[in-house]
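Just follow the structure's listing: the first ligand is 1, and inside any ligand the first atom is 1. Because the structure is predicted, anything quoted here is derived from the model rather than measured.
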Amino acid sequence: MSPQSLQIRRVAGALGAEILGVDLSQDQSDETIAAIRSAFVEHQVIFFRDQSLSPERQVAFGRRFGPLNIHPYVAGMAAHPEVMEIIKEPEDKLNFGGGWHSDMSFLQHPSIGSILYAVETPTFGGDTLFASQAAAFEALTPGLQATLERLNAVHSAGREYSAKGHSAQKRKSMSVVEAEGAVGEFVHPVVKVHPETGRKALYVNPAFTMRFDGWSKKESRPLLDFLFEHCRYEGFTCRFPWRPGSVAMWDNRSVWHFALNDYPGQRRHMRRVTVDETPAAARVAAE
Ligand code: SIN
């Protein structure tokens, strides 16, 4: 597959593009991977339709972008621990990822991106929303931008994966381990400079950001609440309606996402691999 045959169609003003002309079940040339990577960092989330990806092929594709994460709190597939099955059964009330967040910011070296493949989709609903945190940063006044650029924030999985947390709620379909007592806190800049594009994005996370570094929770709350509200403004978003065989690949450094839970009584089955930031890349990003 030569990159010349790739077609890129933007889906919304702030972020998102559909990539046509690539069969992800096949081995890709370095040139094609470079073209996909370039579309991924430029558009922040890219979409593919009508793919047929076995767990092995999803792992192979994901590894072209970096090492794959093994989630510390959600069990992966027995034969493929890097592949997380995100399943909502008809009798489940809650879904996984049903609130604005980016993946894995609770790690010391957070993820650069997630690749989600739809195995089974409901007959209606179950779309995923995406929000550009680069657009969110750029819409702020220079004064607040400058203030935020001087701040760091503390991230932790403790709340989300506690017994009461949304992700750890008991559900029939997924095995989620409670994080109580086993979690660390990691500090990340509130404004992340994208290591590949240089574009700045807000990097606060409603699921995992606890407070600003050096501030108390109470002091942090008003500014975090303002940012969480601002960051999900409709003009920064796009929406992806899934079909079996659809793939979305989003940049966790600059994108929030939200899995809608609007398909009661129906099954939805996805498989996700998550690409880790390497410590070497993290050092470059921090310089
Ligand atoms: C997630 O990774 O948060 C799940 C997204 C989805 O199921 O649409």
> Among protein heavy atoms, which lies nearest atom 8 (O) of ligand 1, and at what distance?
Replying inline: T128 OG1, 2.6 Å

>> Please check if the number of heavy atoms outside R221 that lie under 6.0 Å from its CZ is greater than 12.
In response: yes

> Does the side chain of S114 pick up a donor-acceptor pair with the side chain of D103 at under 3.5 Å?
Replying inline: yes

> If you measure from each heavy atom of W250 to ligand 1, is any distance below 4.0 Å?
Replying inline: yes

>> Going by the closest heavy atom to atom 7 (O) of ligand 1, which one wins out of M270, R268, K88, R271?
In response: R268

> What protein heavy atom sits nearest atom 4 (C) of ligand 1, and how far off is it?
Replying inline: I86 CD1, 3.8 Å

> Purely on distance, is any nitrogen or oxygen of H101 under 3.5 Å from one on ligand 1?
Replying inline: yes

> Counting heavy atoms only, which of L260, L116, L129 comes nearest to atom 5 (C) of ligand 1?
Replying inline: L116

> Partners of R159 by side chain to side chain contact (heavy atoms under 4.5 Å, CB included), sequence neighbours excluded?
Replying inline: M210

>> Ring-plane angle category for W100 and W256, please: parallel below 30°, perpendicular beyond 60°, tilted otherwise.
In response: tilted

>> With a 4.0 Å cut-off on N to O distance, would you call D30 and R64 a salt bridge?
In response: yes

>> I need the nearest protein heavy-atom contact for atom 1 (C) of ligand 1: residue, atom name and distance, please.
In response: H257 NE2, 3.4 Å

> Could an N or O of ligand 1 be found under 3.5 Å from any N or O of R272, whether backbone or side chain?
Replying inline: yes

> Should the ring pair H101 and F208 be called parallel, tilted or perpendicular, given that the plane angle runs from 0 to 90° and is split at 30 and 60?
Replying inline: perpendicular

> Hey, which atoms in ligand 1 end up nearer than 4.0 Å to a heavy atom of G97?
Replying inline: 3 (O)

>> Taking ring pair (Phe, Tyr, Trp, His ring centres under 6.0 Å) as the cut-off, I'd like each qualifying pair that reaches into residues 10-35, sequence neighbours left out, listed once.
In response: none

>> Please list, in number order, the atoms of ligand 1 under 4.0 Å from a heavy atom of A259.
In response: 5 (C), 6 (C), 7 (O), 8 (O)

